K.L.:
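Got a structure for you, written out below as structure tokens; questions coming shortly.
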Amino acid sequence: MTEKRNNSYQLNLKEIQLKDGSEGSRNLSFEFNNHDDLFNIFEVIKSKKIFEEDNTAQEFALGLKLFTEVMLKNKQHPLFEELRPAILEFMKKLKSQ
């Protein structure tokens, strides 16, 4: 059986400013794998012009891909039981845009 290959990524998140106006000071960095080419996904979502702002498209694409990859890796987890069918329908709708 062939091992399924994944793309490896590193995410760096820096807190810049908090809603109370104070300067952010925290950072988060972690590595993760995804079966998709995320940079290609970002370009596809931006090109579909679903959202007016490119940043919104990138936030959407990153959040969706992080979430759905976790769901795929944990298919049997009861947390996703009711959500799985809705996500599958949502992905079909998104891909048809």
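Only heavy atoms go into these numbers, but all of them, side chains included; no hydrogens, no water, no symmetry mates. Remember, it's a predicted structure, so these values are computed and weren't measured experimentally.
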K.L.:
Under the rule for salt bridge (charged side-chain N to carboxylate O under 4.0 Å, His left out), what residues qualify as partners of D37, not counting sequence neighbours?
P.N.:
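So D37 forms no salt bridge (charged side-chain N to carboxylate O under 4.0 Å, His left out) with any residue.
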K.L.:
Treat each ILVMFWY residue as a node, draw an edge where side-chain heavy atoms are under 4.5 Å apart, and state whether L64 and L83 are in one component.
P.N.:
yes
K.L.:
Using distance only, find each side-chain donor-acceptor pair of residues 16-30 under 3.5 Å and give its atom names and separation, not counting sequence neighbours.
P.N.:
| unit_1 | atom_1 | unit_2 | atom_2 | d |
| --- | --- | --- | --- | --- |
| Q17 | NE2 | G21 | O | 3.2 |
| D20 | OD1 | S22 | N | 2.9 |
| D20 | OD1 | S22 | OG | 2.6 |
| R26 | NE | E15 | OE1 | 3.4 |
| R26 | NE | E15 | OE2 | 3.2 |
| R26 | NH2 | E15 | OE2 | 2.8 |
| S29 | OG | Q10 | NE2 | 3.2 |
| S29 | OG | N12 | OD1 | 2.6 |

K.L.:
Is there a path of hydrophobic side-chain contacts, each under 4.5 Å between heavy atoms, that joins L11 and F39?
P.N.:
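In one cluster with L11: F39, yes.
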K.L.:
Where do F67 and I87 land on the side chain to side chain contact (heavy atoms under 4.5 Å, CB included) test, with the steps shown first?
P.N.:
CA-CA 10 Å; F67 178 77; I87 291 291; 4.0 Å; yes
K.L.:
Salt bridge (charged side-chain N to carboxylate O under 4.0 Å, His left out): which pairs involve residues 79-95, sequence neighbours left out?
P.N.:
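Checked against salt bridge (charged side-chain N to carboxylate O under 4.0 Å, His left out) - neighbours excluded - the pairs reaching residues 79-95 are E89-K92.
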K.L.:
Show every donor-acceptor pair shorter than 3.5 Å between a side-chain atom in residues 44-56 and any protein atom, with sequence neighbours excluded, or say none if there are none.
P.N.:
| unit_1 | atom_1 | unit_2 | atom_2 | d |
| --- | --- | --- | --- | --- |
| S47 | OG | E43 | O | 3.4 |
| S47 | OG | V44 | O | 2.7 |
| K48 | NZ | Q97 | O | 2.9 |

K.L.:
Could you state the interatomic distance from CD1 (I41) to CD (Q58), rounded to the nearest 0.5 Å?
P.N.:
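Answer rounded to 0.5 Å: 13.0 Å.
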K.L.:
Under 3.5 Å, side-chain donor or acceptor atoms of residues 70-77 against the rest of the protein: list the pairs with distances, not counting sequence neighbours.
P.N.:
| unit_1 | atom_1 | unit_2 | atom_2 | d |
| --- | --- | --- | --- | --- |
| K73 | NZ | N33 | O | 3.3 |
| N74 | ND2 | V70 | O | 2.8 |
| H77 | ND1 | L79 | N | 2.9 |

K.L.:
Could I get the full list of side chain to side chain donor-acceptor pair (under 3.5 Å) partners for D36, not counting sequence neighbours?
P.N.:
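Expected list: K65.
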K.L.:
Between L38 and Y9, which heavy-atom pair has the shortest distance, and what is it?
P.N.:
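Heavy atoms only, the tightest pair is N-OH, 2.9 Å.
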K.L.:
Considering non-hydrogen atoms only, spot the tightest contact between L62 and F42 and give its length.
P.N.:
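For L62 and F42, the tightest heavy-atom pair comes out as N-CE2, 3.7 Å.
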K.L.:
For the residue pair F90 and F60, does the interplanar ring angle fall in the parallel (under 30°), tilted (30 to 60°) or perpendicular (over 60°) class?
P.N.:
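Judged by the thresholds at 30° and 60°, the geometry between F90 and F60 is perpendicular.
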